[in-house]
Amino acid sequence: YGISVRAGNAGGSALADALIHVAHGAVVSSQQDEAIGEGVAANPGVVNTTLTIAGEVSSGGNKAVALGDGDDTVILLPTYNINAEIDLGTNGFNLFVLDGAAGTTGNIFFLQGSNQIATGVSETHKRGQGTWVIGGDDVPGLANLAPAFLDEGSLVINSQLPSLTLLAATGTRLSGVGGVGPLTLEGTATLAPGNSIGTFNTGDLSLSSMSTLEIEVDAMNNTDQIIVTGTVALNDAVLRVLDLAGSVNQGAMAFNSTII
């Protein structure tokens, strides 16, 4: 271990809270075992760990982080660097959080080859006013991804995550050329398919009356598109049409296209 956390003594069954912050520029590493883990004893007790990673956590094994019983939270900041899996454990209610201040961008994959970034997740949350980009390989539809919540800021999804249920809170922005499962936009949330003109896939799609569907169009009548596998509830949402320069289309360039 680079850092080992446990409650009580070697044979104890105590309950404890742990707060760990790996700062930007800091390194926690282990040549064989996980770099950060809960307990080395047969019964390390129950530890509720909150781990924030802005620096490097690396392991020579399969897992960079292995947390056991308890309600655990792992928070990644855009400057993180992890070379192996984060295992939040099989017991407890475990949060996986992507955070970052306005003007920052983080990049992450949920699956790269056979490697998952995180397991044992109860919920995934995007927090902070910054942007996170989810890339990597497509995740098979049979894989059960934990429900996700876009709480703040912007999220770009460029891989297909068909088993991911996503709720976008008011004031947030979702874009990309990937896809999710059931998608709900609350309040003033914005759905902007593509990274320029592109296609985004969803399961059931539900917009609110104050949410915005933002569509780009070019001079050749190419537009963004949403492919929905399931039901669509528009609920009088706002349609905002932009040209590729980002200007609102005022009707000077007529177009006829299917966008959903």
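In summary, the side chains of T188 and T170 do present a donor paired with an acceptor at a separation below 3.5 Å, with no hydrogens or angles considered.
The two atoms that bring I82 and L76 nearest to each other are CD1-CD2, 3.8 Å, heavy atoms only. Closest approach of D243 and E216 over heavy atoms only: O-OE2, 4.1 Å. The minimum heavy-atom distance linking Q32 with S59 is given by the pair O-OG, 3.7 Å. Counting all heavy atoms, side chain and backbone alike, W132 lies closest to G100 at NE1-N, 4.4 Å.
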*Does the pair L239 and I259 meet the rule for a side-chain contact (heavy atoms from CB on, under 4.5 Å), with working shown?*
CA-CA 11 Å; L239 174 62; I259 57 177; 3.9 Å; yes
_Chi angles and distances behind the side-chain contact (heavy atoms from CB on, under 4.5 Å) call for F200, D224_ = CA-CA 8 Å; F200 194 82; D224 294 325; over 6 Å; no
*Between V28 and I20, is a side-chain contact (heavy atoms from CB on, under 4.5 Å) present by the stated rule, with each step listed?*
CA-CA 11 Å; V28 179; I20 304 170; over 6 Å; no
*Could you walk me through whether L191 and L183 pass side-chain contact (heavy atoms from CB on, under 4.5 Å), step by step?*
CA-CA 10 Å; L191 173 59; L183 172 62; 4.1 Å; yes
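V27 and I53 are assigned to two separate hydrophobic clusters, defined by single-linkage of ILVMFWY side chains at heavy-atom distances under 4.5 Å.
Side-chain contact between P193 and T199 is absent, with no heavy atoms from C-beta onward closer than 4.5 Å. Counting heavy atoms from C-beta on, the side chains of V46 and N91 never come closer than 4.5 Å. The side-chain heavy atoms of N94 and L67, taken from C-beta on, include no pair separated by under 4.5 Å. The closest side-chain heavy-atom distance from D72 to L51 is not below 4.5 Å. Within the 4.5 Å cutoff, the side chain of F96 has heavy atoms near those of the I108 side chain. In this structure, H24 and L77 have side chains that are not in contact, with every pair of non-hydrogen atoms separated by 4.5 Å or more. L155 places a side-chain heavy atom less than 4.5 Å from the side chain of I134. Counting heavy atoms from C-beta outward, S122 and L88 have side chains that stay 4.5 Å or more apart.
Looking at D204, its side chain never comes within 3.5 Å of a backbone N or O of P182 through a donor-acceptor pair. Under a 3.5 Å cut-off, the side chain of K126 and the backbone N or O of E152 do form a donor-acceptor pair. In terms of modelled atom types and a separation under 3.5 Å, the side chain of Q160 and the main chain of D138 share no donor-acceptor contact. For the pair N48 (side chain) and D71 (backbone), a donor-acceptor distance under 3.5 Å is present. When atom types are taken as modelled, the side chain of E186 and the backbone of S208 share no donor-acceptor pair closer than 3.5 angstrom. Counting only distance, with no hydrogens or angles, the side chain of N158 and the backbone of V177 share a donor-acceptor pair below 3.5 Å. S163 contributes a side-chain N or O that, together with a main-chain N or O of A143, makes up a donor-acceptor pair within less than 3.5 Å.
Under the rule for a side-chain hydrogen bond (donor to acceptor under 3.5 Å, both in side chains), D99 has no partner lying at least two apart in sequence or in another chain.
Enclosure of atom NE2 in H21 by more than 12 non-hydrogen atoms of other residues, nucleotides or ligands within 6.0 angstrom is indicated. Residue N62 places its CG atom among 12 or fewer non-hydrogen atoms of other residues, nucleotides or ligands, all under 6.0 Å distant.
V133 forms part of a hydrophobic cluster together with V156, judged by ILVMFWY side-chain heavy-atom separations under 4.5 Å. Other members of the hydrophobic cluster containing F149, listed by chain and number, are L167; membership follows side-chain contacts under 4.5 Å among ILVMFWY residues, whether direct or relayed.
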